[in-house]
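Note sheet for the following structure.
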Amino acid sequence: LASTAQSLRAPLTLAIIDGFLIQVGGSPFVVPLDLVQECVELPACAQRTQPSHYLDLRGEALPCLNLGHLLDLESSGGRQNVVVVKYGNRRAGLVVDRLLGEFQTVIKPLGQMFRHLRGIAGSTILGSGEVALILDVPPLVQQAADQEARRLGRLG
């Protein structure tokens, strides 16, 4: 019997992270779990069509980014949730349509064509075969802080 040689090529390093799967406009996204502080339901009175707003979170004004508006995705309707993330000493809320839970994911880097995307760190393939983008939280938190500064500048 003749033996056939097969080779398997694998990347030298794989980045595996604990992630929190969310959904915006029917599209899945992953937030690195170590940056997630908590998740809360967005009160009906706070749901607006503006791209950003503030949420009174236990007496603290939390700047929020509506990911649907930011990523130009139409909301799937219904109640929305806020994923509270923290990077450094700044916190922000990411308004999403659905919370899908924790899971471990392998990060696949984006190709050269997509390197200019702000707020996206990579991608992963879900068990369903669907591709989910991994959010790059630091620039999103910075964007929320910048919007807060602009709003305060207009009020001051």
Side-chain angles (χ1 to χ4, degrees), residues 4-44 46-55 57 62-148 150:
T4 58
Q6 293 184 0
S7 64
L8 176 65
R9 295 183 70 187
L12 293 176
T13 59
L14 287 177
I16 298 175
I17 63 165
D18 289 322
F20 191 77
L21 188 61
I22 59 172
Q23 189 174 31
V24 179
S27 299
F29 294 89
V30 176
V31 180
L33 189 59
D34 61 337
L35 301 177
V36 175
Q37 285 199 311
E38 64 180 299
C39 298
V40 296
E41 190 172 313
L42 185 65
Q47 294 187 31
R48 303 190 312 211
T49 58
Q50 293 181 343
S52 66
H53 59 275
Y54 295 84
L55 177 65
L57 186 63
L62 180 73
C64 292
L65 290 175
N66 186 314
L67 288 182
H69 290 276
L70 185 68
L71 300 170
D72 199 23
L73 296 170
E74 194 168 320
S75 174
S76 58
R79 296 293 291 243
Q80 292 181 308
N81 298 282
V82 177
V83 178
V84 180
V85 294
K86 183 175 183 179
Y87 180 74
N89 61 355
R90 292 186 171 156
R91 292 181 359 139
L94 305 177
V95 178
V96 303
D97 293 334
R98 292 184 61 208
L99 305 173
L100 301 175
E102 301 176 23
F103 77 113
Q104 283 192 327
T105 183
V106 177
I107 299 175
K108 179 169 177 47
L110 295 174
Q112 288 292 340
M113 184 175 6
F114 300 105
R115 293 215 184 262
H116 69 281
L117 292 178
R118 182 178 162 103
I120 305 295
S123 64
T124 190
I125 299 176
L126 304 176
S128 64
E130 196 172 12
V131 174
L133 295 176
I134 299 170
L135 297 178
D136 188 9
V137 171
L140 295 175
V141 171
Q142 182 62 49
Q143 184 171 349
D146 291 348
Q147 287 179 357
E148 179 180 15
R150 282 194 299 274

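Keep in mind that what you see is a predicted model, and the values were worked out from it rather than measured. Heavy atoms only: backbone and side chains are in, while hydrogens, waters and symmetry mates are out.
- The minimum heavy-atom distance linking Asn89 with Lys86 is given by the pair CA-CE, 4.2 Å.
- Counting heavy atoms from C-beta outward, Val40 and Leu55 have side chains that approach closer than 4.5 Å.
- The backbone N or O of Gln104 lies less than 3.5 Å from no partner atom in the side chain of Asp18, so there is not a single donor-acceptor pair.
- Here the side chains of Asn81 and Cys39 are not in contact, with every heavy-atom distance at 4.5 Å or above.
- Contact between Ala92 and Ala144 at its shortest, heavy atoms only, is CB-CB, 3.8 Å.
- Contact of the Val137 side chain with the Val31 side chain is registered, since non-hydrogen atoms from C-beta on lie closer than 4.5 Å.
- Residues Ile134 and Ile120 form no side-chain contact, since every pair of their non-hydrogen atoms from C-beta on lies 4.5 Å or further apart.
- With rounding to the nearest 0.5 angstrom, the CD1 atom of Ile22 is 9.0 Å from the CG atom of Asp97.
- Pairing each heavy atom of Gln23 with each of Leu100, the nearest pair is CB-CD1, 4.0 Å.
- At a threshold of 4.5 Å between non-hydrogen side-chain atoms, the residues Ile16 and Thr105 do not count as touching.
- Annotation: side chain of Phe29 is in contact with side chain of Leu71 (closest heavy-atom distance under 4.5 Å).
- Within the 3.5 Å criterion, the main-chain N or O of Gly25 finds no donor-acceptor partner in the side chain of Ser75.
- Here the closest heavy-atom approach between residue Val82 and residue Cys64 is recorded as CG1-SG, 4.3 Å.
- Across all non-hydrogen atoms, the minimal contact from Gly26 to Glu130 is O-OE2, 4.2 Å.
- In Glu74, the CD atom is not crowded: 12 or fewer heavy atoms of neighbouring residues, nucleotides or ligands sit closer than 6.0 Å.
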>> As a quick check of understanding, evaluate side chain to side chain contact (heavy atoms under 4.5 Å, CB included) for Asp136 and Leu117, giving each step before the final call.
In response: CA-CA 10 Å; Asp136 188 9; Leu117 292 178; over 6 Å; no
> Between Phe20 and Leu99, does a side chain to side chain contact (heavy atoms under 4.5 Å, CB included) hold up when you go through it step by step?
Replying inline: CA-CA 8 Å; Phe20 191 77; Leu99 305 173; 3.7 Å; yes
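- Taking CG of Leu73 as the start and OG of Ser27 as the end, the distance is 5.0 Å to the nearest 0.5 Å.
- Looking at Arg98 and Val24, their side chains never come closer than 4.5 Å, going by heavy atoms from C-beta outward.
- Rounding to the nearest 0.5 Å gives a distance of 7.0 Å between NZ of Lys108 and CD1 of Ile125.
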> Passes side chain to side chain contact (heavy atoms under 4.5 Å, CB included), Gln143 versus Arg118? Steps please.
Replying inline: CA-CA 10 Å; Gln143 184 171 349; Arg118 182 178 162 103; 4.1 Å; yes
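- For the pair Val30 and Phe103, the tightest heavy-atom approach, listed with the atom from each and the gap, is CG2-CZ, 3.8 Å.
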> So Leu67 and Leu135, side chain to side chain contact (heavy atoms under 4.5 Å, CB included) or not? Walk me through it.
Replying inline: CA-CA 10 Å; Leu67 288 182; Leu135 297 178; 3.7 Å; yes
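- For the pair Arg91 and Val84, the minimum side-chain heavy-atom distance is below 4.5 Å.
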